[in-house]
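No experiment lies behind these values; they were computed from the predicted model shown. Counting convention: from 1, in listed order, for ligands and their atoms alike.
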Amino acid sequence: MAEGFNTARSSSLLVDKHVEYIKSLDKRQDELEYWMTEHLRVSGIYWGLVALKLLDRDSALDKQQVIDYILSCQNTDGGFGGHHGHDSHLLYTMSAVQVLAMYGALDRVDGSRVVDYVAGLQDAETGEICGDEWGERDTRFAFIAVAILSFFDALPRLDSDRIVEYVKLSMNYDGGFGSGPGGESHAAQVYTCLACLAILGRLDVVDRERLSAWLAERQLPSGGFNGRPQKLEDVCYSWWVLSSLRILGRVHWADCSRVCDFVLSAQDPDTGGIADRPGNVPDVYHTCFGIAGLSLAGFEGFPLKDVDPVYCMPVECIERIGLQSWINNVPRSWSQEKLEDV
Ligand code: GRG
């Protein structure tokens, strides 16, 4: 550990520090990291904005400037790159649409071009969704395609039955999901598959008992979750695991107070921001998913906004654009069971 590193752990959420940290990210143009992360700048803005919105401090960013920048990253194929001049990819198209949606600015983009781009990435033979024109397939992209089209009320442009079949093929004996058929179960891929199935109204294909148990077993003595057995805990799984449990109506299977302690212990008391685990250097990705995890865990130390467990955006934004939030939307047969579990 570097000399002089501040090892004091905070038991409170360092709101002002985190706001300053996120604001500072765009001003670090003398740092190598700024240029090394250029390819994912649009997602960086999404992570920062989610964190600020949940803290109710989004006025820290210049809304108009952000919207103009995001729009400048749209390409002629209708998709968005991670920065202007970069090739389109579903990952950044998702982040761009989410940022615009959070700002109530979806009407600033030609939705039909975005929809054409996304629908064009479904493989007509297998139904799988590609991440970009080069054809990588992954359950992440199935979720993203479904989520983006739901924003534009264009789900019929996808062959949803084939997507559900593909997601089912990615399900393992432990109830979890991998990045594709035969892939090891991983909590982040579980989230993408559950979120995809939730939007498509097909959570019936999930083995709820087995998957809930597998997810709950991800919690380690530190209070943090790992993403798969025998791996280290990481703050981002506070989101991937708790959002999955929330979609399953089983968030109470985790010890939420210990999750909160773990996230708080990974804050950087000097610079602000949250790291993957205590003592490490913070970044905006873990800051976002740490704060979103705290919101899902019902953190009581600060009035965080509610986050939607499917879209990872504030519930109020989801409802403002006319979508149904999944915060309490457990399928009816499961919600009846839930009373017996508690
Ligand atoms: C709207 C929240 C949201 C997301 C959009 C892009 C996406 C959809 C989801 C990403 C899901 C994903 C697979 C995230 C990766 C998470 C992660 C920490 C991977 C690291 O994996 P390993 O193998 O780490 O390096 P472990 O923890 O297994 O050692």
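- Here Arg250 pairs with Glu209 in a salt bridge; the nearest charged N to carboxylate O distance falls below 4.0 Å.
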I'd like a table of donor-acceptor pairs (distance under 3.5 Å, sequence neighbours excluded) in which one partner is a side-chain atom from residues 63-72, with atom names and distances.
{"from": "Tyr69", "atom 1": "OH", "to": "His83", "atom 2": "ND1", "distance (Å)": "2.5"}
{"from": "Ser72", "atom 1": "OG", "to": "Tyr69", "atom 2": "O", "distance (Å)": "2.5"}
{"from": "Ser72", "atom 1": "OG", "to": "His84", "atom 2": "ND1", "distance (Å)": "3.0"}

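- Remark: Asp270 does not engage Lys17 in a salt bridge, criterion side-chain N to carboxylate O under 4.0 Å.
- Ionic pairing of Asp116 and Arg157 is present here: one or more N-O contacts between side-chain nitrogen and carboxylate oxygen are shorter than 4.0 angstrom.
- Taking 4.0 Å as the cut-off, Cys312 counts as a neighbour of ligand 1 on heavy-atom distance.
- Scanning the protein heavy atoms around atom 29 (O) of ligand 1, the nearest turns out to be Lys231 CE, 2.5 Å.
- Leu106 and Phe152 get closest at one heavy-atom pair: CD2-CZ, 3.9 Å.
- Of all the heavy atoms of Asn226, none lies under 4.0 Å from any atom of ligand 1, so neither backbone nor side chain is involved.
- In this structure a side-chain-to-backbone donor-acceptor pair under 3.5 Å is present from Asp308 to Trp326.
- At the shortest separation from atom 5 (C) of ligand 1 among protein heavy atoms lies Phe143 CE2, 3.9 Å.
- Residue Tyr285 touches ligand 1 through its side chain alone, judged by heavy-atom distances below 4.0 Å.
- Only side-chain heavy atoms of Phe289 come within less than 4.0 Å of ligand 1; its backbone N, CA, C and O stay farther off.
- Cation-pi contact between Arg218 and Trp214: present, with separation from the ring centre below 6.0 Å and deviation from the ring axis of at most 45°.
- If you check which protein heavy atom lies closest to atom 3 (C) of ligand 1, you get Tyr191 OH, 3.8 Å.
- Interface atoms of ligand 1 facing Tyr46, defined by a heavy-atom separation under 4.0 Å, are 1 (C), 2 (C).
- Between Tyr191 and Phe177, the distance separating the two ring centers is not shorter than 6.0 angstrom.
- Annotation: atom 21 (O) of ligand 1 to nearest protein heavy atom, His186 NE2, 3.5 Å.
- Here Phe225 has no heavy atoms under 4.0 Å from ligand 1, in either its backbone or its side chain.
- Protein heavy atom in closest approach to atom 12 (C) of ligand 1: Ala188 CB, 3.4 Å.
- If you look at Leu91 next to ligand 1, the close heavy atoms, those under 4.0 Å, all belong to the side chain.
- No side-chain donor-acceptor contact under 3.5 Å links Ser325 and Glu319.
- Within the 4.0 angstrom cut-off, atom 25 (O) of ligand 1 has no protein heavy-atom neighbours.
- For the residues Met313, Arg228, His286, the heavy atom positioned nearest atom 22 (P) of ligand 1 is part of Arg228.
- Residue contact annotation: Asp234 has no non-hydrogen atom under 4.0 Å from ligand 1.
- Using a 4.0 Å cut-off between heavy atoms, Cys236 contacts ligand 1 through its side chain alone, with no backbone atom that close.
- Residues Tyr285 and Ser43 bring no donor and acceptor atom of their side chains to less than 3.5 Å of each other.
- Polar contact with ligand 1: present for Tyr237 (N/O pair, distance under 3.5 Å).
- By the 3.5 Å distance cut-off applied to N or O atoms, Gln98 is not counted among the residues near ligand 1.
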Would you check, one step at a time, whether the test salt bridge (charged side-chain N to carboxylate O under 4.0 Å, His left out) holds for Asp123 with Arg162?
CA-CA 10 Å; Asp123 183 322; Arg162 306 293 295 278; over 6 Å; no
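- A distance-only check finds a donor-acceptor pair linking the side chain of Lys53 to the backbone of Met102 [under 3.5 Å].
- Given atom 13 (C) of ligand 1, the protein heavy atom at minimum distance is Gln189 OE1, 3.2 Å.
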